[in-house]
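Letters A, B, ... mirror the listed sequences (proteins, then strands); counts begin at 1.
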Amino acid sequence: MRFEGIYTPIVTPYFDDFSCNEDALEKTVEHLIGAGVHGIIVAGSTGEYYAQTEQERIWMMNRCAELIKGRVPMIVGTGAIRTEDSVRFAEAAKAAGADALLIATPPYAYPTGREIALHALAIDRAANLPVMLYNYPGRMSVNMDEETLDRLGRSPNFCAIKESSGDINRVHMLARDYPHIGLSCGMDDQALEFFAWGARSWVCAGSNFAPEAHIALYKACAVEGDFTKGRAIMSAMLPLMSVLEQGGKFVQCIKYGLTLRGIDAGPPRKPLQPLNKDDKRQLAEVIRTMNTTISKIIGEAI
Amino acid sequence: MSDLLTLGEYQAIAADLDLPRTAFIDGKFRAGSGAKFATINPATGDDLVEISGCNSDDVDFAVGKAREAFDQGGWSKMHPSDRKDVLIRLCKLMTRNRRELAVMESLDSGKPILDCETIDVPETIHCIKWHAEAVDKIYDQTAPTGDDSISMIVREPIGVVGAVLPWNFPLMMLAWKIGPALAAGCSVIVKPAEQTSLTALRVAELAHEAGVPRGVLQVLPGDGPSVGEPLGMHMDVDMVSFTGSTETGKRFLRYAADSNLKKIVLECGGKNPAVVFHDAENLDHVAEHVVNAAFWNAGQNCSATSRLIVHATVKAPLLKRIEARLRDWKVGDPLDPGNRIGALIDAEHCNKVRSFLNKKDMGDGPFVSPVIYEVGADDSKAKDEIFGPVLSVIEVATNNEAIAVANQTEYGLAASVFTANTRRAIRAARDIRAGTVTVNCYGEGDISTPFGGYKQSGFGGRDNGVHAHDQFTELKTIWIDLTDPSEGDNVG
């Protein structure tokens with residue numbers, strides 16, 4: 001499987017009592033597919049999987065499969081502290097009809113490269129589905145190092161890596177030494193750099209509420225190869241990136257962004273707290289400015 | 001024989017195998033960018049494993065890594081004795097894993113485990129070891145140039161080599177190519193046959209473990225258009241050594257002409273005769289060799305004796321003995337050590353072989369039992385390479401006719417002659433246009449003797465022996481002027 005395009009890690013909309021807002025979930029799926037995203041990721045960090053019970057996660061993957069109806073690929077995250085749990089999520093994902101898995105490093109145990117590889121291979125054996133790896137040392141404290149990647153090469157299912165380290169040297173290493181593992185941008189403020197190094201996909205939480213802008217950058221860079229236009233679009237997106245990546249309220253911003261588009265994504269689950277009024281105002285203004293600028297660049301209203 | 005395990009034990013090893021699923025590039029297993037394909041067990045038709053195939057992007061990448069490794073000199077400029085040590089270490093690792101390799105080979109190719117254990121695996125190891133041990137004993141030359149100069153004639157590794165393998169001897173053909181090529185210091189990119197990629201991948205992994213540097217031995221599974229053609233057309237591949245059909249061999253010559261004039265060595269088809277003269281000694285002995293020659297590996301062997309050219313006076317007693325011996329050649333489950341003939345490689349090949357058979361001999365499934373047909377010299381069974389367990393018997397009346405029929409083929413790989421008369425034997429050996437002619441036996445010579453074909457059986461070099469080493473090297477002359485201008489007549 002080749003991952004190409006914009007892959008949205010879908011939020012889990014909640015009511016104020018933190019139960020799932022199914023209506024909003026359905027609207028979100030329709031809105032994303034309507035906007036033209038290329039795939040939907042269930043149980044990414046943006047979906048707050050870490051705050052959900054096992055039953056909720058399995059319900060979520062089944063429900064999303066029903067809503068997506070095969071119109072775009074569904075990728076399911078298997079993130080868990082215990083390998084056995086990840087394996088169970090992978091099996092459930094396969095049963096739900098997932099097209100691929102997102103496999104992250106297991107957090108907290110601080111495994112070695114070899115141990116991460118064995119963890120991922122165990123999940124792979126259980127499901128035998130295409131896999132996008134997920135390297136996110138900022139949250140997990142460990143990197144998928146060369147030992148991990150070399151060992152994972154034993155299975156052809158590992159066909160992409162969502163690189164969220166922010167370390168540009170890793171982007172170079174992956175592009176040069178692992179061209180067979182598709183590079184996927186997992187660091188929004190480096191999207192232009194990823195595309196310059198041949199990334200063909202972008203896992204971007206911001207595409208929950210601004211799919212058009214993210215698709216515009218992907219098209220300019222990855223499809224048309226027009227990096228001058230790409231740089232202009234990226235420049236217009238950077239203020240949003242700084243709000244998202246540097247404000248410490250990532251999921252809250254994504255959910256509120258969706259709320260601004262008329263789909264009530266609700267509050268994040270605890271321990272996170274919703275945005276305050278100032279944050280909301282700032283985010284709304286940044287999105288408005290970005291959309292206006294990008295519309296001018298691409299000559300289409302977004 | 002006593003070393004062989006039971007069917008149950010082989011089945012247990014088979015169930016436990018960790019089969020490779022991806023290419024081996026730059027010292028790592030990694031998925032190719034091409035289409036996935038299933039490698040099947042020819043005996044059962046079951047998928048053994050799905051392999052991620054390579055394409056021209058992978059070829060480009062692997063050639064880049066091979067070139068980088070070659071230029072850096074970590075292998076190409078390593079002291080020959082050290083290269084020898086690494087390759088001998090590989091042989092030890094292969095010996096330690098010989099059972100795994102034998103079972104993997106049997107599962108993937110349909111070959112009887114008996115052959116894998118007693119012939120393919122040990123000869124593969126022996127071949128690599130032979131070239132490893134030879135490489136620090138091969139001397140260069142100096143030419144007789146007189147006192148004023150000295151010329152050194154040296155051999156240097158040719159560079160990046162593409163080795164394109166057939167499916168009939170996945171391990172042995174791998175060894176025939178990588179043994180001398182690696183010993184010579186080349187970087188090698190192997191394209192195994194699509195049907196049989198597994199053991200080459202495993203050997204590459206073992207070679208890396210033995211100390212062959214990354215980029216020096218890479219294995220890219222995939223089909224001809226996806227991997228073979230890009231290798232043949234690549235501007236930075238210095239040589240392709242190909243074993244397979246004559247038709248594909250011709251294609252590689254065209255690729256070379258259309259790209260960088262890379263050197264091409266071809267080892268192609270055969271329609272090999274065994275000539276039995278009226279005075280052949282000991283027909284039991286002859287029968288034993290003819291049966292081995294025709295039916296070993298189910299006749300899927302470019303040097304298989306597929307034509308028995310026999311003098312009328314000895315035909316009947318010889319055929320009787322051949323048929324008697326054939327009763328021992330049981331056909332069936334390749335993992336059963338009692339069987340001598342396993343499954344043909346795939347359904348397409350089975351159909352091709354069956355198209356030559358009479359209806360009653362066709363059988364079904366992947367197994368074809370040995371058959372013997374008496375035919376005329378112009379019959380298609382006497383001329384076409386069937387590559388199956390089919391022996392065509394042609395009766396002749398005179399010695400001259402025997403030689404003429406033996407040469408009545410577009411191929412010229414191997415032949416054998418059986419006679420008690422030494423002079424007749426040597427004359428026949430000279431008169432038959434083939435790369436190897438054996439007398440009073442069937443064989444291909446051994447690791448020390450060159451193997452390759454006349455006519456459309458091959459071109460450009462020979463496998464085995466130091467001659468194989470030569471084909472993976474370039475010949476260089478270094479001419480040094482020894483005259484000293486300060487000692488000239490006009491000085492002073």
Side-chain angles (χ1 to χ4, degrees), chain A residues 1-4 73 94 99-101 103 113-114 116-118 120-133 135 144-163 170 172-184 197-201 222, chain B residues 15-39 47-69 104 194 197-198 201-202 204-206 208-209 213-215 218-222 226-227 230:
Chain A
M1 177 169 178
R2 286 179 92 100
F3 290 93
E4 296 198 337
K94 178 146 190 159
D99 298 283
L101 299 178
I103 297 184
R114 176 174 168 272
I116 295 170
L118 294 176
L121 285 165
I123 299 168
D124 175 45
R125 263 196 305 281
N128 192 22
L129 284 172
V131 172
M132 178 185 276
L133 296 164
N135 189 53
M144 289 177 165
D145 62 10
E146 287 179 87
E147 160 129 46
T148 312
L149 298 171
D150 290 351
R151 283 176 179 274
L152 293 185
R154 283 187 164 279
S155 163
N157 282 335
F158 297 95
C159 39
I161 181 165
K162 178 196 172 195
E163 177 59 31
R170 273 191 58 93
H172 299 160
M173 183 267 283
L174 291 167
R176 276 178 55 82
D177 296 338
Y178 297 92
H180 306 80
I181 301 180
L183 185 57
S184 185
W197 278 100
R200 302 287 309 166
S201 62
Chain B
D16 236 23
L17 288 178
D18 179 14
L19 300 175
R21 295 200 275 162
T22 66
F24 193 83
I25 298 176
D26 195 28
K28 302 167 177 132
F29 277 115
R30 52 165 109 215
S33 317
K36 285 188 184 179
F37 62 92
T39 188
D47 288 0
L48 279 172
V49 71
E50 197 172 53
I51 294 182
S52 93
C54 293
N55 66 13
S56 59
D57 289 345
D58 304 305
V59 172
D60 281 343
F61 183 74
V63 171
K65 291 294 178 186
R67 175 65 58 193
E68 208 175 287
M104 207 185 272
E194 205 183 340
S197 307
L198 297 179
L201 289 164
R202 180 68 177 124
E205 187 185 23
L206 292 174
H208 188 65
E209 191 183 333
R214 50 201 275 181
Q218 308 180 90
V219 178
L220 273 60
S226 309
V227 180

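- Between H180(A) and S33(B) the shortest heavy-atom distance is CD2-OG, 3.8 Å.
- Summarising the geometry of R176(A) relative to F61(B), their closest heavy-atom pair is O-CE1, 3.3 Å, with the distance given to 0.1 Å.
- In this structure, no portion of D57(B) lies under 4.5 Å from any heavy atom of chain A.
- In this structure the side chain of L152(A) never reaches within 4.5 angstrom of the side chain of K28(B), judged on heavy atoms.
- The minimum heavy-atom distance linking R21(B) with P156(A) is given by the pair CB-CD, 3.6 Å.
- Neither the backbone nor the side chain of F158(A) has a heavy atom closer than 4.5 Å to any heavy atom of chain B.
- Contacts between I25(B) and chain A at a heavy-atom distance below 4.5 Å involve the side chain alone, from C-beta outward.
- You'll find the side chain of D18(B) reaches within 4.5 Å of the side chain of R154(A), heavy atoms only.
- Between the CG atom in D177(A) and the CZ atom in R30(B) there is a gap of 7.0 Å [rounded to 0.5 Å].
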